[in-house]
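Quick note on labels: first sequence line is chain A, next is B, and so on, each numbered from 1. Below, each value reflects all heavy atoms present in this structure, side chains not excepted, and no hydrogens, waters or symmetry copies.
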2 protein chains.
Amino acid sequence: MKNRETNQRSIILEELRKVTTHPTASDIYEMVKKVLPRVGLATVYRNLDFLEKKGEIIRLKFNFQKSRYDGNIEGHAHLVCKCCGKVTDIFDVADIKIKSEQLRNSGFKPTLEFIEIPGLCKKCNKIYR
Amino acid sequence: MKNRETNQRSIILEELRKVTTHPTASDIYEMVKKVLPRVGLATVYRNLDFLEKKGEIIRLKFNFQKSRYDGNIEGHAHLVCKCCGKVTDIFDVADIKIKSEQLRNSGFKPTLEFIEIPGLCKKCNKIYR
DNA sequence: CTCAGTGCAAACGATTTGCAGGGCC
DNA sequence: GGCCCTGCAAATCGTTTGCACTGAG
């Protein structure tokens with residue numbers, strides 16, 4: 001009786017799965033509009049929220065003003081250049097180790113698959129060397 | 001000739017240094033208003049931006065809608081509970097190790113001091129166990 | 001048939017900006 | 001005295017919401 005499989009919802013997910021970029025809601029809106037010209041932006045937002053809650057997609061936060069979305073839910077991390085904003089996916093982080101007694105004592109359970117690692121990309125690092 | 005040391009700017013920094021919470025811009029606005037009743041919210045925003053660019057404070061991104069700020073620039077990480085939103089400071093992360101060939105090959109230089117680690121806090125982890 | 005989902009437009013809330021006046025250097 | 005900074009108000013922009021309608025189950 002709940003969670004209906006609408007055309008809009010499946011196409012939004014489908015379009016997001018297609019790309020390896022990390023589009024914003026309006027990017028996705030534009031992508032979906034090519035398939036469903038009458039779709040509304042609010043529908044895109046509502047479905048992105050829905051899909052995130054379901055764990056089908058990931059909402060990224062590296063950009064302050066607008067959210068970005070990732071249709072790839074294979075556990076992976078993001079490298080985010082603080083200088084140029086470039087985002088790189090890293091898939092082989094199964095074994096990130098954090099050595100911190102405070103962390104161990106806190107009882108906090110990290111979800112390292114979705115971590116966003118700030119830093120400087122190769123290009124920007126050269127400039128600032 | 002540039003970067004004047006105004007009363008507003010130093011009080012904003014001073015107030016932010018005092019607390020160990022991670023206040024939003026309006027939280028800081030309220031704090032500063034107690035000292036400078038005629039201060040404007042825009043001034044707070046402009047100075048927070050300024051101070052962040054100068055590296056005097058850190059702008060945190062764990063909250064989607066509004067930015068939070070940290071006056072403690074001693075290298076430390078944040079544990080962010082995805083469930084209840086609780087944020088915990090971790091100071092002994094000098095030796096976070098990330099074992100990733102992709103990362104090594106990418107030439108990306110991580111700034112691990114400012115990393116935000118998602119996960120579940122002790123309390124929420126129990127609930128979801 | 002029912003009600004979750006949609007499209008549209010208006011509302012919202014955090015942040016930014018234009019502008020005239022103020023005060024640091 | 002120059003011009004960076006401020007306070008105020010209005011503007012901006014991403015996101016959310018109210019509402020009547022639609023279509024999936």
Calculate, to the nearest 0.5 Å, the distance between atoms OG1 and CG belonging to A:Thr43 and A:Asn7 respectively. 12.0 Å
Please determine whether residues A:Val87 and A:Tyr69 belong to a single hydrophobic cluster, defined as Ile, Leu, Val, Met, Phe, Trp and Tyr linked transitively by side-chain heavy-atom distances below 4.5 Å. no
Students should find that the end-to-end axis angle of the helix from C:dC1-D:dG25 to C:dC25-D:dG1, with five pairs defining each axis and rounding to 10 degrees, is 40°
Indicate yes or no for a side-chain donor-acceptor contact from A:Ser26 to the backbone of A:Tyr29 under 3.5 Å, with no hydrogens or angles considered. no
Grab the two heavy atoms, one from A:Asn72 and one from A:Asp70, that are nearest each other, plus how far apart they are. N-OD1, 2.8 Å
Provide, to the nearest angstrom, the distance between the NZ atom belonging to A:Lys54 and the P atom belonging to C:dA4. 13 Å
Between C1' of C:dG5 and CG of A:Leu51, the distance in whole Å: 13 Å
Once rounded to the nearest 0.5 Å, what's the spacing between atom SG of B:Cys81 and atom CD1 of B:Ile117? 13.5 Å
Interface polar pairs with nucleotides 10-12 of chain C, N/O, under 3.5 angstrom:
none

For B:Glu113, is there any backbone N or O sitting under 3.5 Å from a side-chain donor or acceptor partner on B:Thr111? no
For A:Glu30 and D:dG14, what is the distance between atoms CD and P respectively, to the nearest whole Å? 12 Å
Answer yes or no: side-chain N or O of B:Arg4 and base N or O of D:dC4 forming a donor-acceptor pair under 3.5 Å. yes
Spacing between B:Ile28 atom CD1 and C:dA14 atom P, to the nearest angstrom: 14 Å
Say whether, by atom type as modelled, one donor and one acceptor occur between the side chain of A:Thr6 and the main chain of A:Arg9 under 3.5 angstrom. yes
May I ask you to say what A:Asn47 touches in the nucleic acid, namely base, sugar-phosphate or nothing, with a heavy-atom cut-off under 4.0 Å? sugar-phosphate
Atom-to-atom span, CG of A:Leu36 to P of C:dT6 - whole angstrom: 10 Å
If we ignore hydrogens and angles and just use 3.5 Å, is the side chain of A:Arg68 paired with the main-chain N or O of A:Asn63 as donor and acceptor? no
Please state how far atom CD1 in B:Ile11 lies from atom P in D:dG7, giving the value in whole angstrom units. 10 Å
Quick test of your reading: applying salt bridge (Lys or Arg N to Asp or Glu O under 4.0 Å), list the pairs with at least one residue in residues 47-67 of chain B, sequence neighbours left out, ordered by first then second residue. B:Arg17-B:Glu56
Could you tell me whether the side chain of B:Pro23 reaches within less than 4.5 Å of the side chain of B:Ile28, counting heavy atoms only? yes
Tell me every residue that passes side chain to side chain donor-acceptor pair (under 3.5 Å) with A:Thr24, counting only those two or more places apart in sequence or in another chain. A:Asp27
Which residues pass the ring pair (Phe, Tyr, Trp, His ring centres under 6.0 Å) test with B:His76, not counting sequence neighbours? B:His78, B:Phe91
Which protein N or O atoms sit under 3.5 Å from an N or O of nucleotides 15-17 of chain D?
from	atom 1	to	atom 2	distance (Å)
D:dT15	OP1	A:Ser67	N	2.8
D:dT15	OP1	A:Ser67	OG	3.4
D:dT15	OP2	A:Tyr45	OH	2.4
D:dT15	O5'	A:Tyr45	OH	3.2
D:dT15	O3'	B:Gln65	NE2	3.2

Heavy-atom donor-acceptor pair, B:Arg9 side-chain to D:dC5 base, under 3.5 Å: no
Nearest heavy atom decides the nucleotide; on that basis, is B:Arg38 or A:Glu5 closer to the 5' end of DNA chain D? B:Arg38
Using only side-chain N and O atoms of A:Thr6, determine if any of them is under 4.0 Å from OP1 or OP2 of D:dG23. no
Roughly how many Å is it from CD in A:Gln8 to C1' in D:dG23, rounded to a whole number? 10 Å
Tell me the interatomic distance from B:Ile12, atom CD1, to D:dC5, atom P, rounded to whole angstroms. 12 Å
